[in-house]
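Working notes, structure below.
Below, read A as the first sequence line, B as the second, and so on, with proteins coming before strands; counting in each chain starts at 1. Everything quoted here is computed from the prediction, not taken from an experiment. Computed over heavy atoms, backbone and side chain alike; hydrogens, waters and symmetry mates excluded.
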There are 2 protein chains.
Amino acid sequence: MSDTDELLSIRAAELYYEENQTQDEIGVILRLTRWKVGRLLASAKANGFIRIEIVHPRARRLPIERRLRESTGLTDAIVVSSAGVSSDAELQSRTAQAAADYLTSLRPIPRTLGISWGRTLHDVSLHLKQGWAPGVNVVQINGGVSLNQRTGTAASTAVTIAHKADGSATLLPSPAIFERLETKQAMEADRTIAGVLALARNAQAYVFSAGQADANSALVDSGYLTVEQINELVAKGAVGDVVGRYIDKHGRIVDPELNERTVGIQIDQLRRAPLTIAVISGNTKHAIARAVVRNGLCTVLVTDEDTANALLQDKDTP
Amino acid sequence: MSDTDELLSIRAAELYYEENQTQDEIGVILRLTRWKVGRLLASAKANGFIRIEIVHPRARRLPIERRLRESTGLTDAIVVSSAGVSSDAELQSRTAQAAADYLTSLRPIPRTLGISWGRTLHDVSLHLKQGWAPGVNVVQINGGVSLNQRTGTAASTAVTIAHKADGSATLLPSPAIFERLETKQAMEADRTIAGVLALARNAQAYVFSAGQADANSALVDSGYLTVEQINELVAKGAVGDVVGRYIDKHGRIVDPELNERTVGIQIDQLRRAPLTIAVISGNTKHAIARAVVRNGLCTVLVTDEDTANALLQDKDTP
DNA sequence: CCCAGGTTTGCTCACATGAGCAATAATCCC
DNA sequence: GGGATTATTGCTCATGTGAGCAAACCTGGG
């Protein structure tokens, strides 16, 4: 398009979008026919000069969702808009809200829902509305009795989700990681624990988040791992953890020995399950989100616009 | 509007603006009549959830222009959009471009055009197109032979503008400020200089910028004033300078003695002129822009969105 | 219980708009 | 310079959309 037409298209867009003039009226002002005006407006749109944003905490980015589904084979992708967000915390809250919305709209309602724990899942639990899904049985899928002051976060997340569903919670009263393999095996041999794990393995749907592999991990906070141990894992290629298990970018367990001492369902369980919902948001989590999505660890991803764009980015340049 | 309607309006907006669905189609998806969808979209707009921006260097903000005209009594206001700008320099360049556009579209074409000098005016001169206004006589309205390396900027601005208009330039070969009043008076007594000043006083239109009163002023750069002198002026209430003369927020000359030693047309000349175009942009210039507009020193203001909003702001809280 | 007041809904109709197509203008290549 | 090719323009027609209005529906007070 010619240079002067580009300018005209901007003048037309100002009158159309800011002054709510009709294309005829604009035609009179700019001395053009109304068809020319229509074409100019179309070209302004096509050139990307017109940016339309939906500014609302609940706004989603449907075109990005579609592209994500197409390029990754996910069953579903929920991408929240980051328009107008100022902090990472706000973005994560929006994502949690979207996850809660998604869970609420799930049909058929899963009888048994396996969940992990962490800041994100806790956030999701808070955003769920009372009565969101009548009679769901919520099962913890990985250990999480906290070693420090954060006691009970894991349990309380499960209980809150179950309570709001007018359903029941089945807790996994176990540490996330044992120091000795024998202790872990003894624990798993216990009838109650074994029952919970069996229930977890047979859940109809899973909801989980993921942590990046760095010093801020919840597993460090909770005292299960030291910063040095994390650094070692990173050195071995770890990008983050899913249900307490560290994986590299190919979705492989980074440290089999550590993995053996970790209580909860295996990564492969997620791969086999028909409905696994990953809720991952924040600028530090692009790498782990990529690992989860690329390796089929989830069938549904709930995330933010920036993370989603990062995932789409490397589809173009493989 | 109810909470669930608000959410529906967002869902509808996503489908309408991002997925280009028709209101009928959205109605089918959300199980609503198409009229309800129309109303939801209208309410989303009314609530400000839909933000439409025109992202282009030449984009203007017509609604702000209108409000500026209405609240200040300006004949005309040109407000460039700051959507997508990263630096103050870019914003100033956009403003200069808009000023050039405005000058080009002036009808009737002024026979004599008085101009000041400075970074902004220089920028305007660069953005003008060859043949922008056939036969204009450009007159410098304030002194400006530079004392340091910036020699000739003032003259070159005038010459460039005149040259591009296929017209003539009348230069004012004089320092901006004299050290002694007598020297200035002697200068003005010179036939040539007097002639130029008379021409300047009788110009049909003026274009000028303004400087904020701080250490970055062009008058400091050029060596006419020291930082200490500026500080003194500020202490007396100066907010900036117009055609080399420092004024306070009431548009009054701050230092009459200094003013007497300054070469060029008087501030009152601008007040009396029928067409005076001020080009003022940048975050540091809000105060001087306010002084210029509030005190009738210009009939047309070319500025950026942020400065314009600052001007509108204090209209609401007088 | 019923009715007045206000609000929401469904609808008609007029206007605004985009798709598609023929007519015209511009451009290129020999 | 002239004919072929492409781009641009003006237009018809079908569809999309908002204004305005009447019917239905709450809602609270007698």
Side-chain angles (χ1 to χ4, degrees), chain A residues 1-56 58-63 65-66 81 101 105 129-131, chain B residues 1-56 58-63 65-67 101 105 129-131:
Chain A
M1 198 193 14
S2 85
D3 203 43
T4 111
D5 263 18
E6 179 169 321
L7 225 157
L8 273 177
S9 78
I10 297 301
R11 295 282 92 85
E14 288 160 1
L15 293 164
Y16 192 73
Y17 291 105
E18 303 212 304
E19 298 285 72
N20 298 313
Q21 305 249 29
T22 146
Q23 298 188 2
D24 291 21
E25 293 172 316
I26 297 171
V28 172
I29 293 169
L30 301 180
R31 293 160 208 291
L32 302 165
T33 63
R34 72 189 177 80
W35 297 287
K36 178 76 179 171
V37 174
R39 281 186 248 266
L40 286 172
L41 288 171
S43 80
K45 253 192 193 165
N47 284 316
F49 298 148
I50 313 300
R51 179 191 293 163
I52 302 185
E53 262 184 351
I54 303 171
V55 188
H56 192 280
R58 305 288 272 268
R60 284 162 48 186
R61 301 301 317 277
L62 304 188
E65 294 183 356
R66 183 154 30 78
S81 163
D101 289 347
S105 67
K129 280 234 181 69
Q130 191 61 44
Chain B
M1 198 190 16
S2 86
D3 203 44
T4 110
D5 263 18
E6 179 170 321
L7 226 160
L8 273 177
S9 78
I10 297 302
R11 296 282 91 86
E14 288 160 0
L15 294 164
Y16 192 73
Y17 291 106
E18 304 212 304
E19 298 286 74
N20 297 314
Q21 305 251 28
T22 143
Q23 298 188 3
D24 294 25
E25 293 171 317
I26 297 172
V28 172
I29 294 169
L30 301 180
R31 292 160 210 289
L32 302 166
T33 63
R34 72 190 177 82
W35 297 287
K36 178 75 179 172
V37 174
R39 281 188 248 265
L40 286 172
L41 288 172
S43 80
K45 254 192 193 164
N47 284 316
F49 298 147
I50 313 299
R51 180 191 293 161
I52 302 184
E53 260 184 352
I54 303 170
V55 188
H56 193 280
R58 306 286 273 267
R60 283 164 49 187
R61 301 300 319 276
L62 303 188
E65 294 183 356
R66 183 153 30 78
R67 284 194 285 149
D101 289 347
S105 68
K129 283 231 181 72
Q130 191 61 44

Which atom of A:L41 lies closest to which atom of A:Q23, heavy atoms considered: CD1-NE2, 3.6 Å
Any donor-acceptor N/O pair under 3.5 Å between D:dG18 base and B:R39 side chain: no
Strand-adjacent residues in residues 18-35 of chain B, judged by heavy atoms under 4.0 Å from DNA chain D: B:T22, B:Q23, B:R34
Interatomic distance, B:K36 NZ vs D:dA24 P [rounded to whole Å]: 19 Å
Spacing of A:L8 atom CG relative to D:dT9 atom C1', expressed in whole Å: 15 Å
Minimum side-chain heavy-atom gap A:L30-A:R11 below 4.5 Å: yes
For A:L40 against A:S9, the heavy-atom pair lying closest together: O-CB, 3.5 Å
Distance test, side-chain N/O of B:Y16 to OP1/OP2 of D:dT17, below 4.0 Å: yes
Pairwise side-chain contact, A:E6 with B:H56, heavy-atom cut-off 4.5 Å (strictly under): yes
Within residues 36-50 of chain A or reaching into it, pairs that qualify as salt bridge (charged side-chain N to carboxylate O under 4.0 Å, His left out) - sequence neighbours excluded: A:D5-A:K36
A:D5 CG - D:dT9 C1' separation (whole Å): 12 Å
Show me the donor-acceptor pairs within less than 3.5 Å that the side chains of residues 15-22 of chain A make with the rest of the protein, sequence neighbours left out.
from, atom 1, to, atom 2, distance (Å)
A:E18, OE1, B:R61, NE, 3.4
A:E18, OE1, B:L62, N, 3.4
A:E18, OE2, B:R61, NE, 2.8
A:E18, OE2, B:R61, NH2, 3.1
A:E19, OE1, B:R66, NH2, 2.5
A:E19, OE2, B:R66, NE, 3.4
A:E19, OE2, B:R66, NH2, 3.3
A:T22, OG1, A:D24, N, 3.2

